[in-house]
Amino acid sequence: MKITLKDSRNFKFISDDSREVSKSCAFLITQSSKKYLNQAKKGGCEFFITPKELQKYLNLDLQCIGITGTNGKTTTAAMIYSILLDMGYKVGLLGTRGFFINGIQKRPKGLTTPSTLEIYTAIDEAKREGCEFFVMEVSSHAIVQDRIEGLEFTLKILTNITSDHLDYHKTLENYIATKNAFFANPKDKKLLNKDDTNAHYPLQNAFTYGIESNATFSTKAYSLRGGITAQIAYGSEQATFDSMLFGKHNIYNALAAIGAVKILTQSPLQEIANCLENFGGVLGRMQVVNQKPLIIVDFAHTEDGMEQIFQSFLHQKIVVLFGAGGDRDKTKRPKMGFCASKYAHKIYITSDNPRSEDPKVIMQEILSGIPQEKHTRVILEENRSLAIRKAITSLASDEVLLVLGKGDETYQIIGKQILHFDDAEEIQKAIKETSLKTL
């Protein structure tokens with residue numbers, strides 16, 4: 001990436017790509033780009049800067065909120081963004097869904113946490129447009145690779161830590177340590193899920209939230225029937241809120257969001273909770289595609305993420321459709337299968353993004369986690385579109401169909417091909433071919 005500077009005397013550009021640099025362009029040295037330092041010098045580059053020095057050239061003077069965790073980052077970030085906007089603040093949001101400023105999308109979807117230069121330029125742009133807050137997702141890859149190097153966060157938030165990305169981190173212990181490293185500085189103000197036993201952090205400047213634990217922000221009572229109704233408490237303050245969102249995990253997301261806005265603005269708790277009620281959810285996250293019978297699309301692609309979804313529908317018969325990504329953590333595949341077998345009375349195992357792997361092999365690895373006596377509940381269908389049609393055709397009115405794994409992705413990666421594929425679109429097509437009523 002190459003950016004243009006307006007007021008620099010020594011150079012006119014900054015880039016983290018050694019192929020783009022010249023005498024008038026400074027080279028940004030990051031953990032990822034430092035191996036190309038000699039190549040940048042050969043290209044005629046004479047100026048070299050670090051991420052911390054970017055502050056001299058970009059305006060980063062606004063309150064940054066960083067959110068990490070295995071599940072819930074995108075929804076929690078979107079909730080905080082939505083609440084702050086409804087309260088009249090100007091806000092930037094950077095994450096899986098792209099880059100937004102005050103309700104307008106500035107950049108399309110990409111990495112959960114982009115490159116260092118992309119992050120810094122997004123903050124600078126948000127500041128130039130008058131933003132007071134900047135909300136961003138922080139992935140485990142970004143923590144390890146120092147993509148957030150030099151950034152100062154007003155508040156750091158942890159959603160949860162369960163198993164994921166072991167293809168990259170190698171062990172669960174490494175992954176847990178990486179997430180906790182984000183909160184290691186006792187001087188940093190932080191808000192953490194107290195119910196998560198994998199969370200380890202300095203107690204200084206720490207706020208907590210939880211449903212089961214006695215936390216800074218806690219629930220007094222809640223209901224999950226037909227959405228969420230919850231009573232929450234912060235010290236002597238209490239508030240209630242209703243939400244069209246489903247699931248206990250979204251109570252956690254809501255507690256984190258309400259708690260964050262309370263810490264940041266010190267506004268009345270009920271005022272913050274009222275603004276949360278306006279939040280309609282995130283595409284691909286517990287997205288209701290059809291009401292009768294209920295069909296939901298979600299991004300859940302880990303054992304824990306799936307369990308959270310299943311526990312939201314214990315009062316209904318569950319039909320689930322899912323696969324697993326190729327060239328990714330293989331250890332979670334049988335665990336996902338076992339998790340599905342605990343809750344669903346019918347399971348469709350299909351293809352996700354197989355990439356270079358054989359989809360049939362991935363499906364068998366998922367099946368291996370399902371007890372043999374429950375194999376009669378399982379339908380194997382490699383073609384995801386056809387699997388969706390089969391599931392909908394046989395769906396009963398008292399069943400809920402959960403289509404998991406891809407969320408709002410609009411593609412399927414098969415081999416080296418990236419093909420258009422959208423779960424919600426496929427569901428709507430299948431519905432039109434049946435007598436089901438759409439929303």
Side-chain angles (χ1 to χ4, degrees), residues 71-79 81-83 86 96-97 109 222-230 241-254 257 275-301 305-323 340 343-348 350 352 384-385 387-410 421-439:
N71 301 302
K73 293 188 297 296
T74 300
T75 299
T76 302
M79 281 180 172
Y81 175 69
S82 175
I83 293 170
D86 279 359
T96 307
R97 297 190 306 138
K109 292 192 297 182
Y222 65 87
S223 169
L224 298 174
R225 290 270 179 172
I228 296 171
T229 299
F241 70 87
D242 294 304
S243 172
M244 65 180 72
L245 303 181
F246 288 90
K248 187 176 179 181
H249 63 287
N250 272 321
I251 299 181
Y252 280 103
N253 294 336
C275 289
L276 176 68
E277 293 188 0
N278 299 328
F279 178 70
V282 177
L283 284 178
R285 269 68 174 180
M286 287 293 265
Q287 179 185 348
V288 178
V289 183
N290 196 78
Q291 279 282 14
K292 294 181 180 180
L294 187 58
I295 304 175
I296 286 176
V297 167
D298 193 86
F299 188 60
H301 58 285
M306 291 174 67
E307 185 146 23
Q308 290 180 7
I309 304 297
F310 293 142
Q311 287 181 350
S312 305
F313 298 99
L314 296 178
H315 56 288
Q316 286 186 264
K317 292 181 180 178
I318 296 173
V319 179
V320 64
L321 184 152
F322 70 101
Y343 294 94
H345 81 107
K346 189 182 291 184
I347 301 168
Y348 290 83
T350 186
D352 190 293
R384 192 175 180 96
S385 178
I388 288 172
R389 277 158 176 72
K390 286 182 177 180
I392 290 175
T393 300
S394 61
L395 193 64
S397 59
D398 63 342
E399 294 175 332
V400 55
L401 173 60
L402 307 176
V403 180
L404 306 181
K406 292 179 64 60
D408 64 338
E409 287 181 355
T410 57
F421 194 96
D422 185 317
D423 277 346
E425 281 183 13
E426 293 297 321
I427 290 166
Q428 292 289 9
K429 288 178 187 175
I431 286 170
K432 288 179 181 178
E433 295 171 6
T434 69
S435 58
L436 294 181
K437 294 179 181 179
T438 59
L439 281 170

Do you know the tightest heavy-atom contact between D352 and G323?
CB-C, 3.9 Å

Applying side chain to side chain contact (heavy atoms under 4.5 Å, CB included), name anything that partners T410, two or more places apart in sequence or on another chain.
H420, D422

Student check: side-chain heavy atoms of F421 and K406 closer than 4.5 Å:
yes

Between V297 and G407, what is the shortest heavy-atom contact and its length?
CG1-O, 3.5 Å

With sequence neighbours excluded, what pairs up with A77 under the side chain to side chain contact (heavy atoms under 4.5 Å, CB included) test?
I67, L93, V135, E137

Can you check side-chain contact (heavy atoms from CB on, under 4.5 Å) on D423 and R384, steps first, answer last?
CA-CA 9 Å; D423 277 346; R384 192 175 180 96; 2.9 Å; yes

Do you know the tightest heavy-atom contact between A396 and P293?
O-CB, 3.7 Å

Salt bridge (charged side-chain N to carboxylate O under 4.0 Å, His left out) with E426: which residues, sequence neighbours excluded?
R389, K429

Note: A78 and R97 closest approach over all heavy atoms is CB-NH2, 3.9 Å

Taking T434 for the side chain and I431 for the main chain, is one N or O donor matched with an acceptor at less than 3.5 Å?
yes

Taking only residues two or more places apart in sequence or in another chain, which ones pass side chain to side chain contact (heavy atoms under 4.5 Å, CB included) with K390?
Y348, E381, L386

Mind checking what makes side-chain hydrogen bond (donor to acceptor under 3.5 Å, both in side chains) contact with Y81, not counting sequence neighbours?
none

Test log, rule side-chain contact (heavy atoms from CB on, under 4.5 Å), inputs F310 and L404:
CA-CA 11 Å; F310 293 142; L404 306 181; 4.3 Å; yes

Contacts of Q287 meeting side-chain hydrogen bond (donor to acceptor under 3.5 Å, both in side chains) (sequence neighbours excluded), chain-then-number -> none

Please report the shortest heavy-atom distance between I228 and L224, naming the atom on each side.
CG1-CD2, 4.1 Å

Sequence neighbours left out, what passes salt bridge (charged side-chain N to carboxylate O under 4.0 Å, His left out) with D298? Give chain and number order.
none

Run the salt bridge (charged side-chain N to carboxylate O under 4.0 Å, His left out) test against D408 and tell me which residues pass, sequence neighbours left out.
K109, R285

Donor-acceptor contacts, no H, no angles, side chain residues 241-250, under 3.5 Å, sequence neighbours left out:
residue : atom : partner : partner atom : Å
D242    : OD1  : T229    : OG1          : 2.7
S243    : OG   : L245    : N            : 3.0
K248    : NZ   : E212    : OE2          : 2.7
N250    : OD1  : N253    : ND2          : 3.0
N250    : ND2  : F246    : O            : 2.7

Could I get the full list of side-chain hydrogen bond (donor to acceptor under 3.5 Å, both in side chains) partners for Q311, not counting sequence neighbours?
Y343

What verdict does the side-chain contact (heavy atoms from CB on, under 4.5 Å) test give for T96 and V282, after you've listed the backbone C-alpha separation in whole Å, the side-chain angles of each residue and the deciding distance to 0.1 Å?
CA-CA 11 Å; T96 307; V282 177; over 6 Å; no

Scanning both residues in full, the closest heavy-atom pair of Q316 with D398 reads NE2-O, 4.3 Å

